[in-house]
Structure formats: C-alpha cells, structure tokens
There are 2 protein chains.
Amino acid sequence: MEETDRKILALLAQDGRMSFTDLGRATGLSTSAVHQRVKRLEQRRVIKGYGATVDYEQLGQPLTAFISIRPIDPSQPDDSPERLRGIGEIESCWSVAGEESYILKVRTATPAELENLLARVRAAANVSTRTTIVLTTFYENRTVS
Amino acid sequence: MEETDRKILALLAQDGRMSFTDLGRATGLSTSAVHQRVKRLEQRRVIKGYGATVDYEQLGQPLTAFISIRPIDPSQPDDSPERLRGIGEIESCWSVAGEESYILKVRTATPAELENLLARVRAAANVSTRTTIVLTTFYENRTVS
DNA sequence: TATGAAAGGTACTGATT
DNA sequence: AATCAGTACCTTTCATA
C-alpha cells in the first residue's frame, strides 16, 4: 500500500461519493488511473463498502448503549455472535479480552426498548449483561490517521 | 419521516454510492423525485455524510481497543473531548453514564503504540484509564432496523 | 500502471402538474 | 411532492504507451 492509494482512501473515507474526476484532481492522476486504483482497492477489500451515515436521533433511535456480556455457563461452547445476529438493534459486536467476553453497541428508541432488548440478549446467548448508556456522542467513526 | 424516506435511507446506508436511478427503481419513484428526497435528507442532516468503509487491518492498524476514562481530579471542569480531539488514533468518543466518564474507541498498529497512546490520553486529559482490547470484530456499524 | 478518447449513463436544473 | 426533458458531467471501457 503506497501513498497515492492512502490518499485516495482518506478522501473516500471522508466523502464516499467523491467522483473519480475529483479524486484525480486531488491526487494528480487521470480519471481512469484513479478509477483503476479504486476498483483494485475494492477488489482487495481494502475498501469494504460505501455507506451513508445516518442520524439515529432524527430517525427515532436516540438511545445508544454498550452492552458487555459474559457467559453464564462457561463450560458451554460460546457462539454468542451467531445467536445474536438476528437482533436488529445491535449495530456492532466485538469479542474482547478482559472481564467480559463481548461488547455490543446497540440503538433503541426508549429505555423500555433497551430493557426489552437486554432480556432478548440474555435469553438468546445465555449471558449476563452489564450496560453502559451513552449520554453524548462527540464523534463516531472518525477517519483514523 | 415516512416510509419512502426510510427505504431510501436503508438503501443508502447499505450502499452509499447507489445511483438515483437505481434508488428510483427500488422505491418506484422517478429519478428526480428520489434526487429531491435525498437532497432534502442531506439538508436536514438526516444523512450526515457518505463514507468508504476501510479495512484497518490491511491498512496497518490491526489493533482496536476501548479506553474508558475517568477524571483524576473531579473538582476540575471536564473538557476531555476537546483535549483529546487532536489525537488521531481516537476513532470515536462518547460520554457515558456509569463508573467512567468517557469511552474512546482507538486503532493502533501495535501494542507498543497503544501504550504510547494511553500515556498521551492520560496526560492530555488528566484521567485514569481502563483499556479493553478487541480480539475480533464480528461486525461494526451495521444498519440498525 | 499510466493516459486520452469515446460511449453510455447519471446528476442536476427548470418547467410543469 | 411528483414527472419529464435537457445539459453537463461522470463512469466505464478500450487502445495505447
């Protein structure tokens, strides 16, 4: 991975709809050279995809929370991610080192819905949960240097 | 916010480069009607922006961690987000209810860089830290139903 | 891996209902 | 809030270096 590709990635991370023409202007390459590089980055899955960033507050899901989970029965095989996959409120799922096994990031409309979601998570994966409610999102998914 | 707009948002969240023509086909609207709706969603900041999702493992930042922080001197005014804004490794910053004040999500190349980053976070915001290292990212920033 | 040209598709605007 | 038509721009491919 070299400098031109990194520059293209940084630009596309910030504006995923930027045109190849503009990317070319910004990198000093022709439109088709940039086109070729972006397609290659997509094929290699360095670019995993493109998405619109949506305001969940305006969409009626203002409540964000982190749910840390640990298995109730550690002797059982742990396939929590598969068991939880069907729960639509879960935005992200990481396994982690530390006291808990997984961290989930979830969005709900109300505290009542979060409560209901917690019950579904516990039941689906046979886990205990520890919930941390987000008060303010200062920034999210910023491009890392 | 009504059904057609929600459908457009769901489609754009999944594929931020989808053309207005295809959005029209998917919603049963004309190209210009979709165009009008998307522009309005952008103006109202329901759509906050568009971004390429990048594979940080392939980009040489394979280590992801959560850093929970709490102020060392609670009598001081807490402006941690501003103090931390310049640290490029911080991808997300939330204030939270619970034992800690903030949660940061960070990306680094190596454990040594994470250690260095932790020192910078502590010094910049005068906080103590608790770090949870991510082992596997099962999914991230999935579209929430 | 780069360029430039050509073809077809898309974005955006304005007129209209 | 929708459609249609028109123009300018963009994406994509191909021949070429």
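Since we're looking at a predicted model, the values are computed, not measured. Proteins come first, then strands; the chains are lettered A, B, ... in the order of their sequence lines, and each starts at number 1. Note: hydrogens, waters and symmetry copies are ignored here, and every other heavy atom, side chains too, is used.
Both the sub-6.0 Å distance and the 45° axial angle are satisfied by A:R17 relative to the ring of B:F20.
Rounding to whole angstrom units, CD of residue B:E3 and P of D:dA1 are separated by 16 Å. Whole-Å rounding puts the B:D22 CG to C:dA11 C1' distance at 13 Å. Rounding to whole angstrom units, NZ of residue B:K39 and C1' of C:dT13 are separated by 12 Å. Rounded to an integer number of Å, the gap from CD of B:E42 to P of C:dA11 is 11 Å. At whole-Å resolution of the value, CZ in A:R25 and C1' in C:dT3 are 16 Å apart. Here the P atom of nucleotide C:dC12 and the CZ atom of B:R40 are 16 Å apart, to the nearest Å.
B:L41 is connected to B:V34 through a chain of hydrophobic side-chain contacts under 4.5 Å among Ile, Leu, Val, Met, Phe, Trp and Tyr, so both are in one cluster.
Heavy-atom contacts from other residues, nucleotides or ligands closer than 6.0 Å to CD of B:Q14 number 12 or fewer.
The aromatic ring centres of A:F66 and B:W94 sit less than 6.0 Å apart.
For residues 12-20 of chain B, proximity to DNA chain D is found at B:R17, defined as any non-hydrogen atom under 4.0 angstrom from a strand atom.
When all heavy atoms of A:I69 and A:E100 are compared, the pair lying nearest together is O-CB, 3.4 Å. Between B:V38 and B:Y50, the shortest heavy-atom distance links the atoms CG1-OH, 3.5 Å. The minimum heavy-atom distance linking A:L11 with A:A26 is given by the pair CD1-CB, 3.7 Å.
Within the structure, every pair that satisfies the salt bridge (Lys or Arg N to Asp or Glu O under 4.0 Å) test and touches residues 105-115 of chain B, not counting sequence neighbours, is listed here: B:E91-B:K105, B:E91-B:R107, B:K105-B:E140, B:R107-B:E140.
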Its contact letters, B for base, S for sugar-phosphate only and - for none at protein heavy atoms under 4.0 Å, make nucleotides 3-8 of chain D read BB----
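Phosphate proximity of C:dC12 to B:H35: present, with a side-chain N or O under 4.0 Å from OP1 or OP2.
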